[in-house]
Enquirer: 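Structure incoming, see below.
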Amino acid sequence: MVKELFNSFIHPWEIKAMYNLKFRDKIRQPKKPLVELIDGLDDRDFCYTALTKVSRSFAVVIQQLPEDLKDPVCVFYLILRGLDSIEDDMDFAQEPKLLLLRSFYEKCEINNWNIEGVGDSEDYRVLLKHFEKVIGLYLSLKPSYRKVISDITKRMGNGMADFAEKKVYSLDDYNLYCHYVAGLVGIGLSGLFSASTLESPMLETEERLSNSMGLFLQKTNIIRDYHEDLHSGRIFWPGEVWDKYSSEIGDFEKAPTQASSMACLNHLVLDAMQHVEDSLEYMSMLHNKQIFRFCAIPQVMAIATLAKVFNNSKVFTSNVKIRKGLGAKLMYYTNDMSNLRFEFHKCLLDIENKLNPLDPHYLVTKNKVEYLLNITSKEWKNPYYGIQYKLYRMVS
Ligand code: MG
């Protein structure tokens, strides 16, 4: 905490946000393993306990949602994490794994269904062993929510099974794989928002925009996690891109500052930036403030992460993260479209400042950044943002 306070010292508004996050935020991730926490819990309490255990950050953002949406989104998330954990279990034999991935949406309709000994970590094995509790909450949801969750689980399970048998190589594969594991989450959330009637029924039909929301997050994580993924023996960077720059994906770690390593990294950042415009358009369609925050917080964290990893050789040798204080600030102050555009605009300026004229994609990246700066520039011209912007430029 002391180190984090120090890092944010020149960004005073981050300290207030960090204070709020530290002392007002009720969500704490329990240290005990899930198995020791679940005795006697009903279905709903089990689901929320499992949620804080498998993803604290998601457990925090879910608190942003209107009451009506918390249970459906919590169940949706746990079902998809269950599916993902089956996909990631490397000790699970291929044939039954594929069968289970493809039929998981049907299992979710069976009262008391669960499975033992499957999952890629202890907590996930516990989740799947007690999956009847997740199913219990799922079956208590209204039919319009269940329909969305079931449809997405079916599509994602089949997509994961298809990719279990082939590798991601081309950019098309990369887009399709990210669609299955993340774009579908965006599409499903839009379906749930429409089903809640808190957002327009049209939102559900905006599959391209919803997909971009997921792809933007997923691609940003894939770029950032190069080092961690490399050392856990999996890599998601598409071969079609990286083999233009190196014969071995691991070579970037050995020569992180070499021009070809940076060119590869920046090429993938440029690819991820294609989703920014859709993401902003999607969020401008939202009416409910709580739903807006739920969607916008991860997106603004992603653009801040993308700005941090762009042209940053540390990606190849460490786990690059945004300052905790910046994360806290983005969480607390992302409340409407003008604030969101302003934050995106600042991150895009950071990227613009790091553009390297020797990069092979210099011109196309510069054009893209200028285009996005233009569509996000509306608000910061007003005096309030103008002053904040000047302060920001002084300290960064
Ligand atoms: Mg997976």
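Indexing begins at 1, ligand by ligand and atom by atom, following the structure's order. When a residue number appears, it is its place in the shown sequence, counting from 1.
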Enquirer: Checking Lys107 against Phe104: charged group under 6.0 Å from the ring centre and within 45 degrees of the axis?
Expert: no
Enquirer: For Lys147, does its backbone N or O pair with a side-chain atom of Ser150 as donor and acceptor, under 3.5 Å?
Expert: no
Enquirer: Does Asp225 pair with Arg234 as a salt bridge, N-O distance under 4.0 Å?
Expert: no
Enquirer: Over 60° means perpendicular and under 30° means parallel, so tell me whether Phe316 and Trp237 are parallel, tilted or perpendicular.
Expert: perpendicular
Enquirer: With a cut-off of 2.8 Å, which protein N/O/S atoms are close to the Mg ion (ligand 1), if we only count those under it?
Expert: Asp84 OD1, Glu87 OE1, Asp88 OD1
Enquirer: Let's go through Lys70 and Val75 carefully: what are the C-alpha distance in whole Å and the side-chain angles of both, what is the deciding distance for side chain to side chain contact (heavy atoms under 4.5 Å, CB included) to 0.1 Å, and is it a yes or a no?
Expert: CA-CA 9 Å; Lys70 284 182 186 168; Val75 167; over 6 Å; no
Enquirer: How many angstroms lie between SG in Cys295 and CG in Leu189, if you round to the nearest 0.5 Å?
Expert: 6.5 Å
